[in-house]
Amino acid sequence: INVPAAWDTTTGDPNVVIAIVDTGNLSQHPDLIGKSTAGYDFISSSGNSDGDGIDPDPEDSMPLTDTCSGGSTFYHGAHVAGTAAATGDNEEGIVGVSYTAELMHIRVLDGRCGGSTYDVAQGVLYAIGAENDSGEVPERPADVVNMSLGGGGYDAYFESVLQDAEARGVIVAASSGNDGASSVGFPARYDTTIAVGSVGFDGEVTSYSNR
């Protein structure tokens with residue numbers, strides 16, 4: 001996407017808030033310190049992850065038990081947040097694409113146990129400043145919502161949430177899926193969402209990317 005050339009024009013806008021709807025934040029990571037506005041943890045199941053249900057702490061954590069499938073956990077939300085807006089010119093790690101933008105961490109998935117479509121939808125509602133199960137909204141709603149996630153089929157409620165985001169002028173992007181399929185998975189498949197696939201250094205679509 002020619003990021004170095006784009007940085008000659010802009011490195012991002014500190015007034016733009018990018019919501020990362022994913023596994024959560026690593027607030028002490030040197031590339032993420034001081035990058036975040038208010039966030040929230042929408043993992044509603046008390047038997048999953050940190051076990052305390054919905055709360056205003058989006059910090060990532062290890063699952064309480066090893067009963068979930070999926071192998072070892074990793075900090076996917078922090079990885080995605082870094083790609084979007086990791087601090088630039090700090091001699092640490094990487095540089096985010098829009099490295100002067102703000103991040104909002106919305107924790108909806110556990111790194112090992114996954115999550116539910118309903119919790120993801122609640123996270124999006126919070127991010128865009130709409131009514132949600134937390135009873136709270138951020139002072140500065142997101143301008144962009146990123147969901148590097150997928151799973152499940154069509155869900156009318158989730159579609160209505162994404163339509164609300166579009167009506168509010170919020171850009172929503174999601175992963176097209178990593179199954180090598182000839183169709184895009186949900187939620188990227190909804191009409192109001194930008195589906196993002198994967199290409200290699202040669203510019204060709206990778207074998208695993210849905211298209």
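Excluded from the calculations below are hydrogen atoms, water molecules and symmetry mates; all remaining heavy atoms, backbone and side chain alike, are included.
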Nearest heavy-atom contact between Asp164 and Leu125 is OD2-CD2, 4.3 Å

So which residues get pulled into Val95's cluster when ILVMFWY side chains under 4.5 Å apart are joined, directly or through others? Ile1, Val3, Trp7, Val97, Tyr99

d(Leu103 CG, Ile106 CD1) to nearest 0.5 Å is 11.0 Å

Quick one, Asn25 with Ser27, criterion side chain to side chain donor-acceptor pair (under 3.5 Å). Give me CA distance, side-chain angles, the key distance, then yes/no. CA-CA 6 Å; Asn25 188 22; Ser27 60; 4.8 Å; no

Which pair of non-hydrogen atoms, one from Lys35 and one from Asp31, has the smallest distance, and what is that distance? CG-O, 3.8 Å

Quick check on the hydrophobic clustering: are Val16 and Leu32 connected, directly or via other members, by side-chain heavy-atom contacts under 4.5 Å? yes

Main chain of Gly77, side chain of Asp22: is a donor-acceptor contact present, judged purely on distance under 3.5 Å? yes

Let me see the working for Val108 and Met147 under side chain to side chain contact (heavy atoms under 4.5 Å, CB included), right down to the final yes or no. CA-CA 10 Å; Val108 296; Met147 295 183 288; over 6 Å; no

Do Thr23 and His76 have side-chain N/O donor and acceptor atoms under 3.5 Å apart? no

What are the two closest non-hydrogen atoms of Ile20 and Ala84, and how far apart are they? CD1-CB, 4.2 Å

Quick check: is Phe158 connected to Leu149 through a chain of hydrophobic side chains (ILVMFWY, heavy atoms under 4.5 Å apart)? yes

Can a donor-acceptor pair be found, under 3.5 Å and without considering hydrogens, that links the side chain of Tyr190 to the backbone of Asp155? yes

Please determine whether the number of non-hydrogen atoms from other residues, nucleotides or ligands lying under 6.0 Å from atom CD of Gln163 exceeds 12. yes

Nearest heavy-atom neighbours spanning Tyr126 and Ala38: OH-CB, 3.7 Å

CG of Asp8: more than 12 outside heavy atoms within 6.0 angstrom? yes

Any donor-acceptor pair under 3.5 Å from Arg107 side chain to Asp55 backbone: no

Set of residues satisfying salt bridge (charged side-chain N to carboxylate O under 4.0 Å, His left out) with respect to Arg211, sequence neighbours excluded: none

Donor-acceptor pair, Asn210 side chain versus Asp179 backbone, under 3.5 Å? yes

Within-4.5 Å side-chain heavy-atom neighbours: Pro58 and Tyr40: no

Side-chain touch Glu166/Val172, heavy atoms, less than 4.5 angstrom: no

Should Ile33 and Glu92 be marked as a side chain to side chain contact (heavy atoms under 4.5 Å, CB included) after you check the CA-CA gap, both sets of side-chain angles, and the distance that decides it? CA-CA 11 Å; Ile33 290 175; Glu92 293 278 359; over 6 Å; no

N/O donor-acceptor pair under 3.5 Å between Thr100 side chain and Thr11 backbone: yes

When you compare the side chains of Tyr118 and Asp133, does any donor N or O come within less than 3.5 Å of an acceptor on the partner? yes

Minimum heavy-atom separation for Ser98 to Gly12, with atom names? OG-CA, 3.2 Å

For Ala127 and Val145, the nearest pair of non-hydrogen atoms, with its separation, is CB-CG2, 4.1 Å

